[in-house]
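Please read the structure below before turning to the comments.
FYI, side chains are in, hydrogens and waters are out, and symmetry mates aren't considered; it's all heavy atoms of this structure.
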Amino acid sequence: MRADNSATVQNSIAVSAGPEATRTVGHDGSSPQGAPRPGPRPGPRSGLRAGTLFAALGVVAFSLTFPATAWGLEGFGPWSLVAVRSVLAAVIAGVCLLSLRVPLPDRSHLAGLAVVGAGVVLGFPLLTTLALETSSTAHAAVVVGLLPLTTALFSALRMGTRPSRTFWAAASAGAAVVIAFTVQQSGGALGGADTYLFAALLVCAAGYTEGGRLARVMPGWQVIGWALVLCLPLTVPVAALALSYEPVELTAHSVAGLLWVAAGSQFLGLVVWYRGMAAVGISKASQLQLAQPLLTLVWSVLLLGEHLAPAAPLTAAAVLVCIAVTQRARS
């Protein structure tokens with residue numbers, strides 16, 4: 001006679017492990033050998049880290065803009081360089097928009113896209129290019145070191161927040177440091193290049209703020225893509241006219257500079273930048289640009305052989321400290 005085995009056979013049941021996966025466990029809660037284990041699900045922290053990474057990549061791309069512009073000016077006039085870079089960037093953006101069959105932007109977004117176009121497609125590139133005809137990239141980088149603060153201020157005004165007194169005190173100190181540096185470098189008075197640079201700060205901050213706001217309701221690459229395309233009716237005739245009047249000399253430096261400011265700074269850099277701003281917020285993303293002046297100073301030495309004025313790195317460091325204080329203060 002055969003004795004029956006009293007051992008029970010373990011059955012498996014499926015237990016939900018979240019919307020993406022299920023796992024098989026025994027009655028005792030253990031996972032059988034070979035059963036897949038659920039991986040960690042992405043949370044808010046990972047989203048913030050990804051947004052910070054995208055914004056940081058944008059800062060790296062922007063830090064090369066001034067050295068690349070200086071290279072471009074070796075073979076192009078200022079108006080030709082700005083217009084052609086915008087046209088080339090618009091062609092890249094247009095191909096992406098058409099290939100992905102992206103619908104036209106809503107009419108309610110056109111005003112914001114116009115601000116982005118006026119600020120980051122036309123205004124900032126033109127004003128900084130005109131400034132770099134008579135200013136070094138190191139000098140321009142320190143002045144534009146106020147861009148993170150300016151963007152934060154525009155964002156506060158646009159969103160209706162009220163910065164604290166500490167914020168305003170640090171902002172004023174940073175502005176005083178930059179003005180003192182520019183006056184000292186120009187022999188006691190602000191020069192034409194500094195006028196261009198300060199105007200560039202205002203239009204770029206407006207473009208960044210409006211683009212960051214739009215990136216919350218549409219993909220960041222579409223924000224800059226449509227802004228570039230909408231500027232084509234202006235940039236194409238300006239490019240044709242400028243190329244007919246300004247001499248062009250195609251060299252390795254001028255071509256490389258043009259390609260970078262068109263594809264790297266004007267399109268790809270802004271794609272990741274606006275994506276990062278949408279993820280972490282305009283104010284937080286803008287503060288990553290605190291590193292941009294220092295990066296540009298390094299590029300100007302490595303790529304252009306410039307010699308830094310003793311006050312340039314000290315001024316850049318002081319600006320970084322002032323802006324850092326504004327971001328720790330209530331805003």
When you group the ILVMFWY residues by side-chain heavy-atom contacts below 4.5 Å and let the links chain together, are [Y] and [X] in the same group?
{"X": "V236", "Y": "Y245", "value": "no"}
{"X": "L259", "Y": "L250", "value": "yes"}
{"X": "L268", "Y": "V229", "value": "yes"}
{"X": "W221", "Y": "V223", "value": "yes"}
{"X": "L147", "Y": "F54", "value": "no"}

Item to check | Inter- and intrachain pairs under salt bridge (Lys or Arg N to Asp or Glu O under 4.0 Å), touching residues 100-128, at least two apart | outcome: none

Could you check if a side-chain atom of [X] sits within less than 4.5 angstrom of a side-chain atom of [Y], using non-hydrogen atoms only?
{"X": "T69", "Y": "T128", "answer": "no"}
{"X": "Y196", "Y": "T134", "answer": "no"}
{"X": "W299", "Y": "L304", "answer": "no"}
{"X": "H109", "Y": "W226", "answer": "no"}
{"X": "L153", "Y": "L149", "answer": "yes"}
{"X": "F154", "Y": "L202", "answer": "yes"}

Grab the two heavy atoms, one from [X] and one from [Y], that are nearest each other, plus how far apart they are.
{"X": "Y274", "Y": "G220", "value": "CB-CA, 3.8 Å"}
{"X": "P67", "Y": "T296", "value": "CD-CG2, 4.1 Å"}
{"X": "W71", "Y": "L303", "value": "NE1-O, 3.7 Å"}
{"X": "I92", "Y": "A263", "value": "CD1-CB, 3.9 Å"}
{"X": "T137", "Y": "S300", "value": "OG1-CB, 2.9 Å"}
{"X": "L297", "Y": "P313", "value": "CD1-CA, 4.4 Å"}

What's the spacing between [X] [atom1] and [Y] [atom2] if we round to 0.5 Å?
{"X": "W260", "Y": "Q266", "atom1": "CH2", "atom2": "CD", "answer": "12.5 Å"}
{"X": "I224", "Y": "C96", "atom1": "CD1", "atom2": "SG", "answer": "12.0 Å"}
{"X": "L214", "Y": "M277", "atom1": "CG", "atom2": "CE", "answer": "11.0 Å"}
{"X": "L228", "Y": "T235", "atom1": "CG", "atom2": "OG1", "answer": "8.5 Å"}
{"X": "L320", "Y": "Q292", "atom1": "CG", "atom2": "CD", "answer": "11.0 Å"}
{"X": "Q222", "Y": "L100", "atom1": "CD", "atom2": "CG", "answer": "8.5 Å"}

Donor-acceptor under 3.5 Å ([X] side chain, [Y] main chain):
{"X": "S80", "Y": "A242", "value": "yes"}
{"X": "T209", "Y": "A206", "value": "no"}
{"X": "S155", "Y": "A152", "value": "no"}

Item to check | Distance-only donor-acceptor check, side chains T65 and S265, under 3.5 Å | outcome: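 A pair is found: one side chain offers a donor N or O, the other an acceptor, under 3.5 Å apart.
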
Next on the checklist: Below 30° counts as parallel, above 60° as perpendicular, anything between as tilted: where do the rings of Y208 and W273 land?
Outcome noted: tilted

List the atom pairs, donor and acceptor, that lie under 3.5 Å between side-chain atoms in residues 116-127 and the rest of the protein, sequence neighbours left out.
none

